[in-house]
Amino acid sequence: MKFSITVPATSANLGPGFDSLGLALSLYNRFEVSYPGSGRISGCEARFACDDNLFISAMRWASGRLGFSPPPIDLDIEAAVPVARGLGSSATMIAGGAAAALVLAGKIRGDFSAADRAFVLEAAAAMEGHPDNAAPAVWGGFCASILGPGAGQVTTHSCPVDPLWRFHALVPPFELSTAVARAALPDSIPRSDAVYNLGRAALVALAFERMDLSLLASACSDRLHQPYRARLIPGWDRIVDACFSAGAAAVWLSGAGPTVMAVTDEKASSSFAISMEPILESMERGPWKIFSLSADPGGLRLFS
């Protein structure tokens with residue numbers, strides 16, 4: 001028997017929303033599960049075709065939570081989301097694996113219910129340690145999320161994103177691990193920086209809910225993580241300056257980086273991409289790629 005699960009890429013933090021705000025994007029990883037199988041994993045880099053593959057680990061972890069022992073499977077991965085680039089590739093694997101556990105346990109009838117998605121989100125947030133990528137991967141749209149109020153719980157709110165907004169993921173030719181990006185952050189911050197981010201994070205959430213691009217432009221800046229992580233990204237200042245010159249309304253470091261995310265409206269999307277091409281081609285560490293995307297409205301999906 002077979003089934004497939006697709007999970008969207010995500011952009012987390014969204015400027016001031018450190019570990020709490022995230023957005024689902026129209027770029028997907030697809031996982032085809034065949035069972036019973038022999039444990040074969042195909043379609044991914046050799047370094048990930050092993051027993052500690054995140055999809056397999058999450059499937060086993062979630063199966064344990066369900067009190068269920070999953071059968072051996074074969075897994076075929078079609079991965080469009082770049083690895084270790086700040087676009088939620090790990091979250092797609094973990095959410096996909098937790099969702100597969102529900103399917104294999106016979107808990108799904110048709111598509112994922114709200115309760116199913118809540119289970120997958122809590123499993124994914126527990127494995128990742130924060131919900132900012134996991135929530136939009138599961139629910140789609142724009143999500144504001146926190147851990148709690150109880151242990152192991154996640155509180156999240158999802159809202160649709162203006163379908164005319166375009167999100168341009170500028171992806172460099174080098175990886176940046178989350179562990180390295182986390183290590184770059186200071187152990188404490190000035191109170192003024194905390195206040196700076198609190199107000200702007202609230203306004204970013206309102207900008208998405210009200211579909212107000214000018215409000216997003218005013219609020220989408222950060223003092224908690226971007227100034228420290230930018231030092232790990234050769235060409236950061238050049239890329240950011242070029243994005244604004246090309247017409248971006250807002251620019252942020254996607255997740256832990258190194259991808260830079262810029263947002264425009266639909267009318268400015270083509271001219272933005274054309275303006276950025278020569279800059280991206282001439283970057284010192286090699287050409288950067290650009291993915292011009294819309295928001296994904298639905299999160300993870302099941303095909304059987």
Side-chain angles (χ1 to χ4, degrees), residues 2-12 14 22-34 41-45 48-49 53-59 62 73-103 108 110-112 116-117 120-121 123-125 127-128 131-143 145 156 158-163 165-171 175 178 254-256 259-263 269 273 289-304:
K2 291 183 179 181
F3 62 87
S4 296
I5 293 170
T6 61
V7 190
T10 55
S11 182
L14 300 182
L23 168 73
L25 298 166
S26 59
L27 186 68
Y28 304 92
N29 281 349
R30 174 184 170 275
F31 308 99
E32 183 178 86
V33 176
S34 304
I41 301 173
S42 60
C44 62
E45 296 178 40
F48 302 122
N53 177 283
L54 277 176
F55 183 100
I56 301 298
S57 296
M59 183 188 73
I73 68 167
D74 290 332
L75 175 64
D76 183 65
I77 303 171
E78 292 182 10
V81 183
V83 174
R85 297 300 203 282
L87 288 170
S89 61
S90 294
T92 70
M93 301 286 286
I94 293 170
L102 284 170
V103 178
I108 305 298
D111 202 353
F112 299 109
D116 298 329
R117 291 176 190 271
V120 172
L121 174 55
M127 291 190 68
E128 286 222 298
D132 54 338
N133 277 308
V138 171
W139 290 100
F142 166 81
C143 293
S145 310
T156 190
S158 174
C159 72
V161 178
D162 191 324
W165 289 7
R166 293 294 176 264
F167 301 91
H168 306 273
L170 311 176
V171 184
E175 297 182 358
T178 301
S254 186
T259 291
V260 177
M261 189 69 63
V263 59
S269 179
K289 294 180 180 179
I290 182 169
F291 297 86
S292 294
L293 309 166
S294 57
D296 170 83
L300 65 87
R301 296 175 178 85
L302 173 65
F303 302 90
S304 55

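Numbers for residues simply follow the sequence, beginning at 1.
Annotation for Val161 and Ala295: closest pair CB-CB, 3.5 Å, computed over non-hydrogen atoms. The nearest pair of heavy atoms linking Arg166 to Ser294 is NH1-CB, 3.9 Å. Between Ala273 and Ser292, the closest heavy-atom pair is CB-OG, 4.3 Å.
Taking the side-chain contact (heavy atoms from CB on, under 4.5 Å) definition, one finds that Asp74 meets it with Ser34, Ser38, Arg40, sequence neighbours left out. A search for side chain to side chain donor-acceptor pair (under 3.5 Å) contacts involving Asn53 returns nothing, not counting sequence neighbours. With sequence neighbours left out, the ring-ring contact (aromatic ring centres under 6.0 Å, His included) criterion links Phe167 to no other residue. Residues passing the side chain to side chain donor-acceptor pair (under 3.5 Å) test with Glu32 are Arg30, sequence neighbours excluded. Listed by chain and number, the residues in a side chain to side chain donor-acceptor pair (under 3.5 Å) with Thr156 are Ser145 (sequence neighbours excluded). Residues that satisfy the side-chain contact (heavy atoms from CB on, under 4.5 Å) test with Ala137, not counting sequence neighbours, are Val7, Thr10. With sequence neighbours excluded, the residues forming a side-chain contact (heavy atoms from CB on, under 4.5 Å) with Asp162 are Leu164, Trp165, Met211, listed by chain and number. In this structure Ser304 satisfies the side-chain contact (heavy atoms from CB on, under 4.5 Å) test together with Phe3, sequence neighbours excluded. Under the ring-ring contact (aromatic ring centres under 6.0 Å, His included) criterion, Phe142 pairs with Phe208, not counting sequence neighbours.
Looking at Phe55 and Val33, their side chains come closer than 4.5 Å, going by heavy atoms from C-beta outward. Residues Pro136 and Leu23 fail the side-chain proximity criterion, which asks for heavy atoms closer than 4.5 Å.
To the nearest 0.5 angstrom, Asn133 atom CG is 8.0 Å from Ser11 atom OG. Here CD1 of Ile56 is found 4.0 Å from CD1 of Ile73. Values are rounded to the nearest 0.5 Å. Rounded to the nearest 0.5 angstrom, Thr6 OG1 and Glu78 CD are separated by 10.5 Å. In this structure, CG on Asp116 lies 9.0 Å from CG on Leu300, to the nearest 0.5 angstrom. Separating the CZ atom in Phe31 from the SG atom in Cys44 is a distance of 9.5 Å, to the nearest 0.5 Å. Atoms CE and CZ, on Met261 and Phe291 in that order, are 10.5 Å from each other to the nearest 0.5 Å.
Counting only residues at least two apart or in different chains, salt bridge (charged side-chain N to carboxylate O under 4.0 Å, His left out) contacts with residues 79-90 comprise Arg85-Glu175. Residue pairs meeting the salt bridge (charged side-chain N to carboxylate O under 4.0 Å, His left out) criterion with at least one member in residues 293-304, sequence neighbours excluded, are Asp296-Arg301.
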Under 3.5 Å, which donor-acceptor pairs do the side chains of residues 86-103 form with other protein atoms, sequence neighbours left out?
| from | atom 1 | to | atom 2 | distance (Å) |
| --- | --- | --- | --- | --- |
| Thr92 | OG1 | Asn29 | ND2 | 2.9 |
| Thr92 | OG1 | Ser89 | O | 2.6 |

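Of the possible polar contacts, none joining the Arg117 side chain to the Gly299 backbone as a donor-acceptor pair under 3.5 Å is found. Side-chain N or O atoms of Ser158 include one that pairs as donor or acceptor with a backbone N or O of Gly140 at under 3.5 Å.
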